[in-house]
Amino acid sequence: MTHASRHLLLLGPLMGLLTLAYLVPFLGVLRWSVTLPEPGLGQYGRALTDPLIRSILWRTFRICAIVTVISVTAAYVLALIWVRAAPGLRLLFELFILIPFWISVLTRAFGWLALLSTRGLINTWAQSLGILSEPLTMVRNEFGVIVGMVHFLVPFAVFPLATSMRNLDERVLMAARGMGASRTRIFWQIFLPMTRTGVLGAALLVFVFALGFFVTPAILGGGRSVMAAELIFLRIFQSPDWGLGAAISVIMMVTVGILMALLLRLTGGTRQ
Amino acid sequence: MTQAAEIEARGIGKMFGNFAALSDVSFTIGRGEFLTLLGPSGSGKTTFLTLLAGFEAPTSGQLLLDGRDLTATPPETRGFGMVFQGYALFPHMTAEENIAFPLKVQRRSAADIRARVAAMIELMGLGGHGHKRPSGLSGGQQQRVALARALAYEPPVLLLDEPFSALDKNLRGQMQDEVRRLHRELGTTFVFVTHDQSEALALSSRVAIFEKGRLQQIAPPREVYDAPANRFVAEFLGDINILPVDLQAGRPQVEGRAVAIVTPGTGPLALRPEYMGLATSEPVTGNALPAHLDDLTYQGAETRLALTTRGGLSLILRLPTADVPQSLTPGSEVWATWDSARGFRL
Ligand SMILES: Nc1ncnc2c1ncn2[C@@H]1O[C@H](COP(=O)(O)OP(=O)(O)OP(=O)(O)O)[C@@H](O)[C@H]1O
Ligand SMILES: [Mg+2]
């Protein structure tokens, strides 16, 4: 009891800061969503019935889900190599994983634009080599958005995965080998289930992060593949429709909250 | 399926960087033998087991299984069962699923697996715990699951790294009996690691004693206890009294008193505490040394006595409590006696 209260005391200032920085503005947004332009739940009704908004929300979740699956899978492979590699190779990997952190989202989005656009590097080369006769549309659509987002998010997923792989007791894998289990069986039946917590953590991190993406979809989606963050921005800053923008924000927050709760239940379930 | 195997180690050495965890270990583990590796912490017991199982390769030397070189065979092909120090259970599987795993690897039929798992749960006294994950089991229960998992699939060689360390005395005794019975029934080759001298002596057909990565002696329990190869082995296997022997005109003396010694050798005379006796006055015949009783510890059936001789030697005696005179208290002057047929020369 005293132990717990001492912890609370230590956490106090941080909690205070978080409350001020997140909770207060969020409550403000919540108030707008039920008061602007007039009091009531009308804005939620609009957000959930308006076909355009619904299609954008649906697209957002779809793209985020695809991005999460691709990013976590790629990060799993990277983390596996990173954790298991010889020291020299490991250093090289660390560089590859860390360098993207130092480059801004904006730079990276424009980088992909230069690479993927109709007159970009890939199309020009492929055409000059005769692989393609017509340029391939790889930006200003969902494909471009997904590529850009995955590229940004993979490094974030690597860390929770690598941590769960490092914490794994090597002897458990040895025990399985000693019983004659093949490497494939050990991977699917022992290694993967034992790193499940890392996978779920990485997936949640990537998904939540992806939901709030603004710059990448705006540049690589080119206004044709608008996602939720851009929609909220447009509602609040371009059309003075604060109530609707706020209602969409609250819907996103609640979704994230539900996902978090689900994840906690799932990872809590591995103990027992 | 089960065919007990003979394993030969030839000049096995293992370096970790500059540190020699094992040096020049050579011996043969017989078919169906129960060999115990005994030694202080850090003496290389676990290292030797991991080399046997194939998880690590020796830096030098060779391992042979029934005469075939085993050095390059990976652990999954060796198929030796191993119970790890610290259990190494699969944390995401229940006790039953843990035990079933190696059976599934062997592609046994579902009915066979179910029957074997149930039999192992029963054998290990784990009834009612089969559906629990390792984190929901006590240390002793986890250890028994690990044992069950290794026994279930009947490997030709079983390597057990301190499999009873987390068990209380009663359970430990039961599991020792169980393991001994299984060994008799299965005829599998067992290599067992323990810190516990009496466990080693009780279970094994032979005991291999390690110190600092070197094999000190390998012999049947009676022999390592009664005829240790060197002072380390003698002291490691339990309390021992060491009496320096002088020769006076060709006759042996201890602390200036003439003694009769029939055991061969020239070094000091070593006597186990249980082979010494106590007298309250100087005996008429036989070997005896006058001493001061420092301490007396009642241990139930036995009493342990700490003595200091007039010459300043510390002695330990272990007597049946029934043989200790009730009048004896610390501070008494007594005589330590022994039969000249007992003991050995170091
Ligand atoms: N992977 C390793 N790297 C470096 N040193 C190691 C490694 N494994 C073991 N050692 C060293 O080798 C020595 C023998 O270790 P080992 O685990 O075989 O001892 P042990 O006899 O099993 O001891 P215990 O009874 O405490 O389990 C120890 O000094 C240990 O520090
Ligand atoms: Mg050990």
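Worth knowing before you read on, the calculation uses all heavy atoms, side chains too, and leaves out hydrogens, waters and symmetry mates. Numbers restart at 1 for each chain; the letters A, B, ... are given by sequence-line order, proteins then strands.
Put simply, CE on A:Met179 and CZ on B:Arg149 are 3.5 Å apart, with the number rounded to the nearest 0.5 Å. With rounding to the nearest 0.5 angstrom, the CG atom of A:Leu173 is 10.0 Å from the CZ atom of B:Phe55. The CG atom of A:Leu192 sits 9.0 Å away from the NE2 atom of B:His92 when rounded to the nearest 0.5 Å. Taken to the nearest 0.5 Å, the NZ atom of B:Lys104 stands 7.0 Å off from the CD atom of A:Gln189. Expressed to the nearest 0.5 Å, how far CE of A:Met174 lies from CD of B:Glu56 amounts to 7.0 Å.
In plain terms, the two heavy atoms of B:Leu89 and A:Val172 that are nearest each other are O-CG2, 3.5 Å. Smallest separation of non-hydrogen atoms from B:Ala88 and A:Ala175: O-CB, 4.0 Å. The two residues A:Gly178 and B:Tyr153 have their closest heavy-atom pair at O-OH, 3.8 Å.
Both the backbone and the side chain of A:Arg177 come within less than 4.5 Å of a heavy atom of chain B. Only the side chain of B:Phe84 comes within contact range of chain A, with heavy atoms under 4.5 Å apart.
Around CE of A:Met15, the count of heavy atoms belonging to other residues, nucleotides or ligands within 6.0 Å does not exceed 12. Within 6.0 Å of atom CZ in B:Arg181, more than 12 heavy atoms from other residues, nucleotides or ligands are found, so the atom counts as buried in its surroundings. By the 6.0 Å contact criterion, CD on B:Gln62 is enclosed, its count of non-hydrogen atoms from other residues, nucleotides or ligands being greater than 12. More than 12 heavy atoms of other residues, nucleotides or ligands shown are found within 6.0 angstrom of CZ on A:Arg90.
Looking at heavy atoms from C-beta onward, B:Glu76 lies out of side-chain contact with A:Ser182 at the 4.5 angstrom threshold.
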